[in-house]
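Following: one structure in structure tokens, then a few remarks.
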Amino acid sequence: MHPQVERTLEEVRRRNPGEPEFQQAVVEVLSSISLAVERDPSLADHSLLERLVEPERQILFRVPWVDDSGTVQVNRGYRVEFNSALGPYKGGLRFHQSVNRNIIKFLGFEQIFKNALTGQSIGGGKGGSDFDPHGKSDWEVMNFCQAFMTELARHIGDKTDVPAGDVGVGEREIGFLFGQYRRLKNRWETGVITGKGLDWGGSQARREATGYGVVFFARDMLRNRGDDLEGRVVTVSGSGNVAIYAIEKALQFGAKPVTFSDSSGWVYDPEGVDIELLKEIKEKRRGRASDYVAERPSAKFHAEGRPWSVPCDIALPCATQNELNEEDAKQLARNGCVIVAEGANMPSTPEAIHIFADAGILFAPGKAANAGGVAVSSLEMEQNAARARWTFGEVEGQLAVIMSNIHRSCLETAEEYGKPGDYVVGANIRAFLRVSDAMHAQGVF
Ligand code: NDP
């Protein structure tokens, strides 16, 4: 590794103790870009790497709200504005009990590079709270969102920082958040948040974008080997926004998705997932994975283990970070899996990624494969700025082109740096070059 990169990594470990996921994300990116710095050491001039790993701004705030029993609850809110060299900070909000500064920093750091890969003018940021929406009433979720936005509103804006959804933040939460922003500012500023409902500034195909984008990416990986998705068995984890639409698009392409999961367990449906039933349970009823098997005799629910034990051609981890470990990767390799494309952010552990490489499994990191969500969010911002509304077909068409461009640029960059077929190296270097060019051009800050 280039000595400057080594020093930066040591500093990151020293200055960010107790933040394992953040360190993991930085190690992965810096290990790749070391190749670029070896070729052109001026890329690291003016402490660029040290600036890159330090957020421009970190906001931490108290979120007091009243639950249905009249008790005041106190959560923590976060917004990490990581890098704005390419545009306003852009990245989702995550509401989950596991959220802390470490998680938001790892997600914000990844977001810089993901957003750069889309080719659009968006910087990187992320936010959220340790609030858990599961089991809360709509009133409680609304109270929480209003309290959260009451503080966040002063930090965001359509030209400053544009949040969106993530785990635990879907259209319901975006509605409450946008409503409170509008109430506080007395402005119809639709470009301040993305993932909105279609009648109030949202974009067609935003809901589908991340999951569809992952499958477009996997299709391009297969095409590159002269293959396609038709008849391929796909294992998927998660059953939220990303997983549902990855399953839907895989079905549309003639593949056979056979699993999904949530935090209570996972479902194996050897006949192929019934997407309408899954949507009904997850999107309408807000039910659990196990509810599916009650209405689908071909399916089995497993409270233990993970979907990666099921033989498949393609694995799409779409739930959460570090959900696919070394053992899972070995199992996938033994079962003949040929492609792993990440729908979630950093779902594969570093050890799993080594196994993929050793076993010849093609591996697409989340920052490339799941960039479709933020790409369509950026298209939503464009429509808001122009007061325009594009059709579903127009947005989906643009999404497919963006995913193909990312796929091609990853491969080209990997080849250029002597690592053909290495999507991790290709994605990290390609994104880094775009961000570092902008940072150098704009001077030290
Ligand atoms: P959702 O909240 O819609 O769904 C998350 C799914 O993952 C649920 O099935 C949930 O189960 C499961 N899950 C979450 N945390 C855990 C956990 N700790 N252990 C086990 N299962 C878990 O989120 P999304 O689908 O939006 O996001 C999924 C992943 O994709 C995340 O990594 C997110 O950062 C990433 N992503 C999302 C984008 C988007 O546009 N939404 C864009 C790019 C990346 P349960 O309901 O039981 O908690």
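Any value given below was found using the heavy atoms of this structure, including those in side chains, with hydrogens, waters and symmetry copies removed. Source: prediction; values computed, not measured. Ligands are counted one by one from 1 in listed order, and the atoms in each one are counted from 1 as well.
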### Message
Between E110 and K367, does the salt bridge (Lys or Arg N to Asp or Glu O under 4.0 Å) criterion hold? Intermediate values first, please.
### Response
CA-CA 7 Å; E110 286 283 292; K367 64 171 71 70; 3.4 Å; yes
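- The aromatic rings of F109 and F113 stand perpendicular to each other, their planes meeting at an angle above 60°, with 30° marking the opposite boundary.
- Residue S348 is tested with N322, D328, I353, N325 for a side-chain contact (heavy atoms from CB on, under 4.5 Å); the sole match is I353.
- Between D269 and R296 there is a salt bridge, since a side-chain N of the basic residue sits under 4.0 Å from a carboxylate O of the acidic one.
- Of all atoms in ligand 1, listed by their number and element, those nearer than 4.0 Å to a heavy atom of H96 are 15 (N), 18 (N).
- There is a side-chain donor-acceptor pair under 3.5 Å between N75 and W65.
- Per-residue contacts place R206 under 4.0 angstrom from the following atoms of ligand 1 (heavy atoms of the residue considered): 40 (O).
- Side-chain contact check for S203 and Q383: at least one donor-acceptor pair (N or O, by modelled atom type) lies under 3.5 Å.
- Using a 4.0 Å cut-off to heavy atoms of C318, the atoms of ligand 1 that qualify are 28 (C), 29 (C).
- K282 places a side-chain N or O within 3.5 Å of a backbone atom of G287 that can act as its donor or acceptor partner.
- A side-chain contact (heavy atoms from CB on, under 4.5 Å) with F106 is found for exactly one of R101, E21, E19, Q23, namely E21.
- Listed by atom number, the atoms of ligand 1 under 4.0 Å from H134 heavy atoms are 45 (P), 46 (O), 48 (O).
- Checked by distance only, ligand 1 and V242 come closer than 3.5 Å through their nitrogen or oxygen atoms.
- Looking at T413 and K419, their side chains never bring a donor and an acceptor atom within 3.5 Å of each other.
- E151 places no side-chain N or O within donor-acceptor distance of the main-chain N or O of F148, the cut-off being under 3.5 Å.
- The distance between the ring centers of Y423 and F363 does not fall below 6.0 angstrom.
- Counting protein heavy atoms only, atom 47 (O) of ligand 1 is closest to S263 OG, 2.4 Å.
- Between K126 and ligand 1, a contact under 3.5 Å exists for no N or O pair.
- Nearest to atom 29 (C) of ligand 1 by heavy atom, out of A371, G287, A319, is A319.
- For E342, no heavy-atom contact with ligand 1 is shorter than 4.0 Å.
- Residue N345 has at least one nitrogen or oxygen atom sitting less than 3.5 Å from a nitrogen or oxygen atom of ligand 1, judged on distance alone.
- Under a 4.0 Å criterion applied to the non-hydrogen atoms of R288, ligand 1 contributes the atoms 46 (O), 47 (O).
- Distance alone, capped at 3.5 Å, is enough to place a donor-acceptor pair between the E56 side chain and the S84 backbone.
- Ligand-side atoms of ligand 1 in range of S239: 9 (O), range being under 4.0 angstrom from any heavy atom.
- Where the criterion is an N or O separation shorter than 3.5 Å, residue side chain and backbone included, S264 fails it with respect to ligand 1.
- Using cut-offs of 30° and 60° for the angle between ring planes, the F82 and F22 rings count as tilted.
- Ligand 1 has a nitrogen or oxygen under 3.5 angstrom from a nitrogen or oxygen of T210.
- The N/O atoms of D262, backbone and side chain alike, include none that comes under 3.5 Å of an N/O atom in ligand 1.
- Counting protein heavy atoms only, atom 23 (O) of ligand 1 is closest to V167 CA, 3.4 Å.
- Contact between K282 and ligand 1 is absent, with no heavy atom of the residue lying under 4.0 Å from the ligand.
- By the criterion of a heavy-atom distance under 4.0 Å, neither the backbone nor the side chain of E110 is placed next to ligand 1.
- Protein heavy atom at the shortest distance from atom 33 (C) of ligand 1 is D166 OD1, 3.1 Å.
- Closest protein heavy atom to atom 3 (O) of ligand 1: N241 N, 2.9 Å.
- Residue contacts with ligand 1: S98 is excluded, as none of its non-hydrogen atoms falls under 4.0 Å.
- Where the criterion is an N or O separation shorter than 3.5 Å, residue side chain and backbone included, Q321 fails it with respect to ligand 1.
- The side-chain contact (heavy atoms from CB on, under 4.5 Å) test with L379 is passed by exactly one of E394, Q398, R206, Q204: Q398.
- Looking at atom 19 (N) of ligand 1, its nearest protein heavy atom turns out to be T320 CG2, 3.9 Å.
- Scanning G240, S237, S261, G168 for the heavy atom closest to atom 5 (C) of ligand 1 points to G240.
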